[in-house]
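Since the structure comes first, as structure tokens, the remarks are kept for the end.
In what follows, chains carry the letters A, B, and so on, assigned in the order in which the sequence lines appear, proteins first and then strands, with residues in each chain numbered from 1.
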Number of protein chains: 2
Amino acid sequence: MADPLDSVFAALADPTRRAILTMLLEDDMAVTDVAAPFEMSLAAVSKHLTILTRAGLISQERRGRVKWCKLEPDALRTASVWMQSFGQFEPVNLEAFERFLKVELSEAEPMETKDAPGA
Amino acid sequence: MADPLDSVFAALADPTRRAILTMLLEDDMAVTDVAAPFEMSLAAVSKHLTILTRAGLISQERRGRVKWCKLEPDALRTASVWMQSFGQFEPVNLEAFERFLKVELSEAEPMETKDAPGA
DNA sequence: GGCATATTCAACCGAAAGGTTGACGATTGC
DNA sequence: GCAATCGTCAACCTTTCGGTTGAATATGCC
């Protein structure tokens with residue numbers, strides 16, 4: 001996987017890993033505490049954390065016998081920027097991009113879902 | 001995969017599919033033309049297009065024996081909003097966007113020098 | 001030292017991803 | 001009508017993914 005976007009998007013594709021990122025948004029956490037809310041084993045969560053780390057989405061720092069997990073938003077920014085480029089069709093129109101962002105951020109709360117493009 | 005974010009991010013995790021989306025950014029294309037620049041078989045590309053369709057990232061419309069593929073950016077927006085509402089980082093900065101465009105567009109070029117489908 | 005705690009490793013498993021090939025159903029054009 | 005074109009389907013293969021379990025490796029505590 002040469003392209004970092006590969007690993008970032010692959011990491012984001014799993015609901016458990018997205019939930020972990022959301023948890024880490026509030027605070028840094030130890031591995032055991034990250035694992036607590038999930039039904040799966042600790043080892044499974046540990047694997048998820050490895051995947052998130054390799055994607056650059058989190059960092060892990062060991063202090064004593066506890067490993068602390070910390071959100072690393074930079075990797076998310078890269079992917080976000082990539083996706084933004086599809087939001088508007090004039091690739092170099094930064095004004096449109098700016099307008100788009102304003103609308104986007106103000107609508108950040110209601111996550112509407114759309115499907116069935118067949119229409 | 002209940003959550004639409006699952007399928008959207010999973011679709012974006014593959015470099016072939018991201019390349020397809022970039023191609024469709026310029027114009028709607030027939031399946032055969034989409035497949036032309038890639039080394040893999042037509043059937044493989046057809047599968048990728050099915051995945052993109054199920055994620056809602058593109059739509060496919062059959063006219064005669066040709067099936068046209070069209071970008072559907074709305075699905076991307078859902079994922080984008082998720083990342084924005086998530087990010088502690090300041091709203092995507094325009095410099096990063098500009099830098100991204102330069103890199104992305106210069107990388108997209110050699111792929112299309114083959115037969116320039118849909119140009 | 002000895003034991004509990006924190007985390008990973010290793011081996012294994014079933015399912016899904018991503019690719020191939022060959023056959024097949026439509027559609028078009030001569 | 002028949003052959004070429006467009007695209008998918010079906011079967012198959014290999015690799016990766018996401019999970020399990022049990023053992024192993026630190027580390028902290030008394």
Side-chain angles (χ1 to χ4, degrees), chain A residues 1-21 23-24 27-55 57-70 117-118, chain B residues 1-21 23-24 27-70 111 114-115 117-118:
Chain A
M1 280 215 230
D3 196 330
L5 287 177
D6 289 9
S7 49
V8 169
F9 282 131
L12 293 178
D14 186 275
T16 300
R17 290 192 290 263
R18 289 200 306 277
I20 290 174
L21 292 178
M23 291 162 62
L24 291 178
D27 217 343
D28 297 358
M29 294 177 77
V31 173
T32 305
D33 293 333
V34 169
F38 297 101
E39 295 292 314
M40 69 192 70
S41 70
L42 179 61
V45 173
S46 178
K47 280 190 188 178
H48 281 304
L49 291 171
T50 300
I51 291 172
L52 288 170
T53 300
R54 281 209 274 255
L57 290 165
I58 69 170
S59 60
Q60 289 181 291
E61 183 199 355
R62 177 155 218 143
R63 281 204 295 274
R65 66 182 160 179
V66 175
K67 207 167 188 179
W68 293 91
C69 305
K70 180 175 179 294
Chain B
M1 284 221 232
D3 196 330
L5 288 177
D6 290 9
S7 50
V8 170
F9 282 131
L12 294 178
D14 186 275
T16 300
R17 290 192 289 263
R18 287 200 308 278
I20 290 174
L21 291 179
M23 290 162 63
L24 292 178
D27 215 343
D28 298 358
M29 295 177 75
V31 172
T32 304
D33 293 333
V34 169
F38 297 102
E39 296 292 315
M40 69 192 71
S41 69
L42 178 62
V45 173
S46 178
K47 280 189 189 177
H48 281 304
L49 290 171
T50 300
I51 291 171
L52 288 170
T53 300
R54 281 210 275 255
L57 290 165
I58 69 170
S59 60
Q60 290 181 290
E61 184 199 355
R62 176 158 217 142
R63 282 205 295 274
R65 69 182 157 176
V66 175
K67 206 168 188 180
W68 293 91
C69 304
K70 181 174 178 295
M111 194 184 58
K114 226 175 182 175
D115 234 349

**Request:** Output all residues satisfying salt bridge (Lys or Arg N to Asp or Glu O under 4.0 Å) with Glu39(A), sequence neighbours left out; order by chain, then residue number.
**Result:** none

**Prompt:** Who are the side-chain contact (heavy atoms from CB on, under 4.5 Å) partners of Ala43(B), not counting sequence neighbours?
**Reply:** Ser41(B)

**Partner of Gln60(B) under side-chain contact (heavy atoms from CB on, under 4.5 Å), chosen from Leu52(B), Asp28(B), Leu49(B)** = Leu49(B)

**Prompt:** Could you give the CZ-to-C1' distance, from Phe9(A) to dA17(C), as a whole number of Å?
**Reply:** 18 Å

**Item:** dT8(C) OP1/OP2 closer than 4.0 Å to side-chain N/O of Ser46(A)
**Value:** yes

**Message:** Using a 4.0 Å heavy-atom cut-off to protein, can you give one letter per nucleotide of nucleotides 18-28 of chain C, 5' to 3': B if the base is in contact, S if only the sugar-phosphate is, - if neither?
**Reply:** SBBB-----BS

**Atom-to-atom span, CD1 of Ile20(A) to P of dT7(C) - whole angstrom** = 13 Å

**Asked** Looking at OG1 of Thr32(B) and CZ of Arg65(B), how far apart are the two atoms once the value is rounded to the nearest 0.5 Å?
**Response** 9.5 Å

**Prompt:** What's the NZ-P distance between Lys67(A) and dT27(D), to the nearest Å?
**Reply:** 12 Å

**Item:** Nucleotide dT8(D), atom P - distance to CD of Glu61(B) in whole Å
**Value:** 14 Å

**Prompt:** Nearest 0.5 Å, what's the CG-CG distance between Leu12(B) and Leu5(A)?
**Reply:** 9.0 Å

**Prompt:** Taking Met29(A) as the fixed residue, which of Lys67(A), Met23(A), Lys70(A) is the one that meets the side-chain contact (heavy atoms from CB on, under 4.5 Å) rule?
**Reply:** Met23(A)

